[in-house]
Amino acid sequence: MRDFNIPGRSAAVAANGMAATSHPMATLAALDVLRSGGNAADAAIAAVAMQCVVEPQSTGIGGDCFVLYSRQGAVPVALNGSGRAPAKATVDWYVEHGIGEIGIQTPHAVTIPGAIDAWCVFNRECGTRPLAELLEPAARAAEDGYVVTPRVAADWRRAEYKLRDPVTAALFLPGGKPPEVGDKMRNPPLAATLRRIARDGREAFYDGPVMREIVARLKSRGGLHEEADFAAQRANWVEPIHASYRGYEVYECPPNGQGMAALMILRTLAGYTLDGDAFSEADRLHLLAEASKAAYWVRDHFICDPEHVPVDIADFLSEPRAERVRQTIRLDRAMPGPRWAEIEHKDTVYLCTVDRDGNACSFINSLFSSFGTGILAPQCGVLLHNRGTGFRTIPGHPNAIAPRKRPLHTIIPGMLVKDGRAVMPFGVMGGHYQAVGHAHFLHRLLDRGMDPQQAAEQPRILPLGGVLQVERANPEPMVADLAHRGHEVLMVDVPLGGCQAIWMDHQRGVLVGGSEPRKDGLALGY
């Protein structure tokens, strides 16, 4: 039960349908669809389209997406909407040109955007409403303008340096500076593109003037992209992976996403009794950090596109491997962490929806880092992502860039299942934090008895790059305790991640939603 003397937000409670997103306009767009009889898939598409307009730093139609979808409570199916490298992108080409890593503001960071094809597939196979109806609210917001909210304004200000290209600045730096809270922003070219997609479907993005402008823009900056690469881009349904935790099954999308890392962390934590008083809160965070380091080492060395290099999921999620990790963990001492090449905070939007028939959607859409590459195709209003920075340019590495290959992805939707029935779509956006975030959120929910809103509000940590990133909300004595154990603590200014979740109480017919307090959004039901 929430202590109402402590600042915070009550969980959303409703009976018929619910949406949880990181922006009020997106939540309202989804709720409008649900209240008018649309299903969870329809609501998710309407919400994410709106977010591509009103949260341009976090997501866009020039990015990628992943979806987990449960039909009337059934075990979820997974849709991979991530993009592939151009056919000319061989690792040898990068070696020959002396490119040791793929820069975040270069055309080489742009794999073929996969989101729009995935939206169209999802709409066709799971939705009930025409795409034109679902995209129109977002198109109107882009055409008529939307008011900039506080977290969006803060992110925009931090990423100003990426928007200085004159083409990009003309649209995203009005008057030569980022918008302030309450300023009105517009993107009329994006409105026209959304309406073109609403009318013509995927071909409006992957063929015709939109595609040609994007290809020309990338090639003018040295990109290897061709029109045939766009024509070949396809989302595909894949078998989700899952692992047990506290009597539940946690479902994730398979590689090339990092969902396997989240499951590995949970498999390790499952060997400890974390629901009572056997461990202090510092102990629990220490165990989370140590389990995460082991999982991220596997992630950085083995998770890749399984169409190119097999990933032994069964072995990585096995109990013997989890036990080997536990044997390396000391409660009084931190072990060295993996040295991922970059620790820049990444931006993404995650949302979830549940309808009156029990359909549940877990949906994540991303440009990767804030404003992606910062490369804009101005005539169509499309900002391009930089997911290709997830590739390595090391020959022989499982995640080495290759023609038509998908990079390691950090974005991961989640779904919790009990006795074969979906009980909670959930996700924790935030780049490299996401796998840790999934595990920490479920620990708070299932071990500590918190509701989705309480679990979303708890202070966070992230072991990455050899340091332990710590939010300032963590109590000072606990941070000192972690430092005493050998963690190199880094207090962060930018909050870690953003959570949305909807608990489905099938027995009582009640939905309980939580929404990230570090963002601008909310959960609403009816």
Side-chain angles (χ1 to χ4, degrees), residues 22 57-58 104 151 154-155 157-159 258-259 261-262 264-266 268-269 280-300 303 325 329-331 333-348 350 366 368-370 389-390 408-412 427-444 455-499 516-519:
S22 54
Q57 85 287 8
S58 292
I104 63 173
R151 178 59 193 269
D155 290 343
R157 188 165 55 250
R158 275 191 294 269
Q258 67 168 336
M264 291 182 69
I265 299 169
L266 289 168
T268 301
L269 294 180
S280 69
E281 185 59 16
D283 290 336
R284 295 186 191 100
L285 290 180
H286 173 75
L287 290 172
L288 173 69
E290 299 303 278
S292 299
K293 292 174 187 176
Y296 276 43
W297 184 87
V298 170
R299 182 197 73 164
D300 296 347
I303 294 182
V325 172
I329 294 175
R330 288 178 51 180
L331 199 58
R333 198 72 192 157
M335 61 182 175
R339 293 276 174 178
W340 180 255
E342 53 180 317
I343 60 172
E344 180 184 351
H345 179 72
K346 307 300 180 185
D347 284 303
T348 296
Y350 170 81
S366 178
F368 201 23
S369 67
S370 196
T389 56
L408 163 68
H409 260 264
T410 57
I411 59 174
I412 47 173
V428 186
M429 60 195 119
H432 298 301
Y433 176 70
Q434 290 184 51
V436 179
H438 278 212
H440 197 193
F441 175 75
L442 291 177
H443 157 65
R444 294 287 191 179
E457 291 175 353
Q458 299 306 302
R460 295 170 179 160
I461 64 166
L462 171 60
L464 193 69
V467 301
L468 185 67
Q469 297 185 39
V470 176
E471 289 185 328
R472 291 197 301 271
N474 284 283
E476 289 184 13
M478 190 174 64
V479 175
D481 186 326
L482 293 170
H484 181 72
R485 301 181 199 218
H487 294 283
E488 184 181 338
V489 172
L490 173 65
M491 304 299 292
V492 294
D493 293 323
V494 180
L496 297 171
C499 179
E516 178 56 62
R518 298 162 182 80
K519 303 280 186 177

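Residue numbers count from 1 along this sequence. Quick caveat, the model's predicted, so the values are computed rather than measured.
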Chemist: Are the side chain of E516 and the backbone N or O of R518 linked by a donor-acceptor pair below 3.5 Å?
Modeler: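 Indeed, once roles are kept as given, a pair shorter than 3.5 Å links the two residues.
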
Chemist: Would S370 and R158 satisfy side chain to side chain contact (heavy atoms under 4.5 Å, CB included), going step by step from the backbone distance to the final call?
Modeler: CA-CA 9 Å; S370 196; R158 275 191 294 269; over 6 Å; no

Chemist: Determine the minimum heavy-atom distance between M491 and V479, stating which atoms define it.
Modeler: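 Scanning both residues completely, I find the closest heavy atoms to be SD-CG1, 4.3 Å.
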
Chemist: Enter the distance from Q458:CD to L285:CG here, rounded to the nearest 0.5 Å.
Modeler: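 Between atom CD of Q458 and atom CG of L285 there are 10.0 Å.
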
Chemist: For a side chain to side chain contact (heavy atoms under 4.5 Å, CB included) check, start with the C-alpha distance between T410 and T348, then their side-chain angles and the critical distance, and finish with the verdict.
Modeler: CA-CA 10 Å; T410 57; T348 296; 5.5 Å; no

Chemist: Identify the two heavy atoms, one from A282 and one from R485, that lie closest to each other, and give their separation to 0.1 Å.
Modeler: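 Minimum heavy-atom contact is CB-NH2, 3.6 Å.
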
Chemist: To the closest 0.5 Å, what do you measure between SG (C499) and CZ (R444)?
Modeler: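 If I round to the nearest 0.5 Å, the distance is 12.0 Å.
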
Chemist: Taking the side chain from Q258 and the backbone from I412, do they hold a donor-acceptor pair closer than 3.5 Å?
Modeler: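 No; judged by distance alone, with no hydrogens or angles, the pair does not exist.
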
Chemist: How close do M429 and S22 get, counting heavy atoms only, and between which atoms?
Modeler: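 Looking at all heavy atoms of both residues, the closest pair is CE-CB, 3.8 Å.
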
Chemist: Begin from the C-alpha positions of H440 and Y433 and carry the test side chain to side chain contact (heavy atoms under 4.5 Å, CB included) through to its verdict.
Modeler: CA-CA 10 Å; H440 197 193; Y433 176 70; 4.1 Å; yes

Chemist: Going from OG on S58 to NZ on K519, what distance comes out if it is rounded to the nearest 0.5 angstrom?
Modeler: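 Result: 4.5 Å between the selected atoms.
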
Chemist: Rounded at 0.5 Å granularity, tell me how far NZ in K293 sits from CD1 in I265.
Modeler: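 That separation rounds to 12.5 Å.
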
Chemist: With rounding to the nearest 0.5 angstrom, report the OG to CG distance, S280 to L331.
Modeler: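 Interatomic distance, S280 OG to L331 CG, rounded to 0.5 Å: 7.5 Å.
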
Chemist: Any idea which heavy atoms bring A261 and I303 closest together, and the distance?
Modeler: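 Nearest heavy atoms, A261 then I303: N-CD1, 4.3 Å.
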
Chemist: Are R151 and P495 close enough that some pair of their side-chain heavy atoms sits under 4.5 Å apart?
Modeler: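 Yes, their side chains come closer than 4.5 Å.
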
Chemist: Just so I know, are the side chains of R330 and M335 near enough to count as touching, which here means a heavy-atom distance under 4.5 Å?
Modeler: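 No. Closest side-chain heavy atoms not under 4.5 Å.
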
Chemist: Check whether any side-chain heavy atom of D493 sits under 4.5 Å from a side-chain heavy atom of R472, and report yes or no.
Modeler: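 Of all side-chain heavy-atom pairs linking R472 with D493, at least one is under 4.5 Å.
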
Chemist: What do the steps show when you test Y296 against R299 for side chain to side chain contact (heavy atoms under 4.5 Å, CB included), and what is the final call?
Modeler: CA-CA 5 Å; Y296 276 43; R299 182 197 73 164; 3.7 Å; yes

Chemist: Between CE of M264 and OG of S292, what distance do you get to the nearest 0.5 Å?
Modeler: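 Result: 11.0 Å between the selected atoms.
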
Chemist: For L266 versus A439, what's the shortest heavy-atom pair and its separation?
Modeler: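 Minimum heavy-atom contact is CD2-CA, 3.7 Å.
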
Chemist: List the atom of A291, the atom of I329, and the distance in Å for their closest heavy-atom pair.
Modeler: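 It is N-CD1, 4.1 Å.
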
Chemist: Applying side-chain hydrogen bond (donor to acceptor under 3.5 Å, both in side chains) between H286 and each of H487, R333, E281, report the one that passes.
Modeler: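 Considering H487, R333, E281, a side-chain hydrogen bond (donor to acceptor under 3.5 Å, both in side chains) with H286 is found only for H487.
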
Chemist: Give me the one residue out of L464, V467, L462, L468 that meets side chain to side chain contact (heavy atoms under 4.5 Å, CB included) with L490.
Modeler: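 Single pass found, and it is V467.
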
Chemist: Do any N or O atoms from the side chain of E457 and from the backbone of P517 form a donor-acceptor pair under 3.5 angstrom?
Modeler: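 Here the side-chain-to-backbone pair does not exist.
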
